[in-house]
Enquirer: 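Before I ask anything, let me first share the structure, which is written out below as structure tokens.
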Amino acid sequence: QVQLVESGGGLVQAGGSLRLSCVASGSAYVMGWFRQGPGKEREFVAHIARNGVSTQYADDLKGRFTISRENGKNTVYLQMNNLKPEDTAVYYCAASIRSGIREEEYKYWGQGTQVTVSS
């Protein structure tokens with residue numbers, strides 16, 4: 001059983017930045033971020049391999065969002081820059097035994113952290 005705890009969400013103005021953190025009870029997993037906006041399905045944001053080298057992003061978030069991890073701290077980060085109102089969502093951290101962009105590939109999930117971007 002892997003426990004994931006996200007933090008770092010909040011209210012920010014458009015154009016601002018936030019860094020989300022997710023602390024895991026283990027490090028031997030691919031880590032991903034997903035988000036669910038109001039009235040929307042949950043969608044893939046990014047994932048990072050166990051070694052922290054290989055990453056993948058949703059096409060429309062490349063260049064604004066950066067995923068990273070510190071295995072010594074069992075922590076994965078999501079740096080979000082130039083935030084837009086459409087980035088408003090609950091952001092979830094998830095853990096998987098292999099890389100993937102689909103929800104069903106991730107076995108463990110955090111409780112989510114709210115990000116609200118005002119215009």
Side-chain angles (χ1 to χ4, degrees):
Q1 185 75 16
V2 177
Q3 294 185 330
L4 305 172
V5 180
E6 303 101 332
S7 61
L11 174 64
V12 64
Q13 288 189 330
S17 298
L18 280 176
R19 188 176 80 156
L20 305 183
S21 300
C22 172
V23 179
S25 58
S27 62
Y29 291 89
V30 173
M31 299 299 295
W33 286 97
F34 289 75
R35 69 183 184 182
Q36 186 167 19
K40 297 181 181 179
E41 304 258 327
R42 190 153 57 182
E43 63 179 0
F44 170 75
V45 173
H47 69 64
I48 187 166
R50 294 177 184 85
N51 61 12
V53 175
S54 177
T55 59
Q56 184 176 356
Y57 296 89
D59 287 342
D60 57 347
L61 299 178
K62 287 179 184 176
R64 292 196 301 123
F65 288 17
T66 302
I67 190 170
S68 61
R69 67 190 296 166
E70 287 188 79
N71 286 340
K73 295 183 179 180
N74 289 347
T75 301
V76 63
Y77 304 99
L78 185 68
Q79 177 67 43
M80 305 184 294
N81 297 328
N82 190 22
L83 284 161
K84 304 175 181 181
E86 51 264 42
D87 294 319
T88 294
V90 177
Y91 284 72
Y92 297 90
C93 175
S96 174
I97 60 173
R98 61 173 181 264
S99 297
I101 65 171
R102 298 178 301 149
E103 282 187 63
E104 51 267 35
E105 296 177 281
Y106 290 78
K107 183 174 182 180
Y108 303 105
W109 291 81
Q111 81 289 350
T113 185
Q114 176 71 47
V115 171
T116 302
V117 184
S118 63
S119 57

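Numbering of residues begins at 1 and proceeds along the displayed sequence.
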Enquirer: Could you check whether any side-chain heavy atom of Val30 comes within less than 4.5 Å of a side-chain heavy atom of Arg50, counting everything from C-beta outward?
Expert: yes
Enquirer: Consider only side-chain N and O atoms of Gln1 and Tyr108, and report whether a donor and an acceptor are under 3.5 Å apart.
Expert: no
Enquirer: Trp33 and Ser21: which non-hydrogen atoms are nearest, and at how many Å?
Expert: CH2-O, 3.8 Å
Enquirer: Are any side-chain N or O atoms of Ser96 and backbone N or O atoms of Glu105, one a donor and one an acceptor, separated by less than 3.5 Å?
Expert: yes
Enquirer: Lys107 versus Tyr29: any side-chain heavy-atom pair under 4.5 Å?
Expert: no
Enquirer: So, for Ile67 and Tyr57, which heavy atoms are closest and what is the spacing to 0.1 Å?
Expert: N-OH, 2.9 Å
Enquirer: Does atom CD of Gln111 have more than 12 heavy-atom neighbours from other groups under 6.0 Å away?
Expert: yes
Enquirer: Can you check whether Val117's main-chain N or O pairs, donor with acceptor, with Thr88's side chain at less than 3.5 Å?
Expert: yes
Enquirer: Is a side-chain donor or acceptor of Gln79 paired with a backbone partner of Thr66 at a separation under 3.5 angstrom?
Expert: no
Enquirer: Between atom CZ of Arg64 and atom CG of Leu83, what is the distance when rounded to the nearest 0.5 Å?
Expert: 6.5 Å
Enquirer: Is it the case that over 12 heavy atoms from other parts of the model lie below 6.0 angstrom from the CD atom of Glu104?
Expert: yes
Enquirer: Starting from Val115, can I reach Val45 by hopping between I/L/V/M/F/W/Y residues whose side chains sit under 4.5 Å apart?
Expert: yes
Enquirer: Is there a side-chain contact between Met80 and Asp87, using heavy atoms and a 4.5 Å cut-off?
Expert: no
Enquirer: Please give me the minimum heavy-atom distance between Ser17 and Asn82, naming the atom from each residue.
Expert: OG-N, 4.2 Å
Enquirer: Within the side chain of Asn71, is there an N or O that forms a donor-acceptor pair under 3.5 Å with the backbone of Asn51?
Expert: no
Enquirer: Could you tell me which non-hydrogen atom of Ile101 sits nearest to which non-hydrogen atom of Phe34, and how far apart they are?
Expert: O-CE2, 3.6 Å
Enquirer: If you round to the nearest 0.5 Å, how far is OG of Ser119 from CD of Gln13?
Expert: 9.5 Å
Enquirer: For the residue pair Arg69 and Ile48, what are the closest heavy atoms and their distance?
Expert: NH1-O, 3.5 Å
Enquirer: Kindly indicate, with the supporting measurements, whether the criterion side-chain contact (heavy atoms from CB on, under 4.5 Å) is fulfilled by Leu61 and Arg35.
Expert: CA-CA 12 Å; Leu61 299 178; Arg35 69 183 184 182; 3.8 Å; yes
Enquirer: May I ask you to test the Trp109-Arg42 pair for a side-chain heavy-atom distance under 4.5 Å?
Expert: yes
Enquirer: Heavy-atom count check: over 12 atoms from other residues, nucleotides or ligands less than 6.0 Å from Leu11 CG?
Expert: yes
Enquirer: To the closest 0.5 Å, what do you measure between OG (Ser99) and NE2 (His47)?
Expert: 4.5 Å
Enquirer: For the ring pair Tyr92 and Tyr106, is the centre-to-centre distance below 6.0 Å?
Expert: no
Enquirer: Taking the side chain as everything from C-beta on, heavy atoms only, tell me whether Tyr77 gets closer than 4.5 Å to Leu20.
Expert: no
Enquirer: Could you tell me which non-hydrogen atom of Thr75 sits nearest to which non-hydrogen atom of Lys73, and how far apart they are?
Expert: OG1-O, 2.8 Å
Enquirer: Would you say Cys22 and Met31 make side-chain contact, with heavy atoms under 4.5 Å?
Expert: yes
Enquirer: Okay, side chain of Ser25, backbone of Gln3: is any donor-acceptor separation there less than 3.5 Å?
Expert: yes
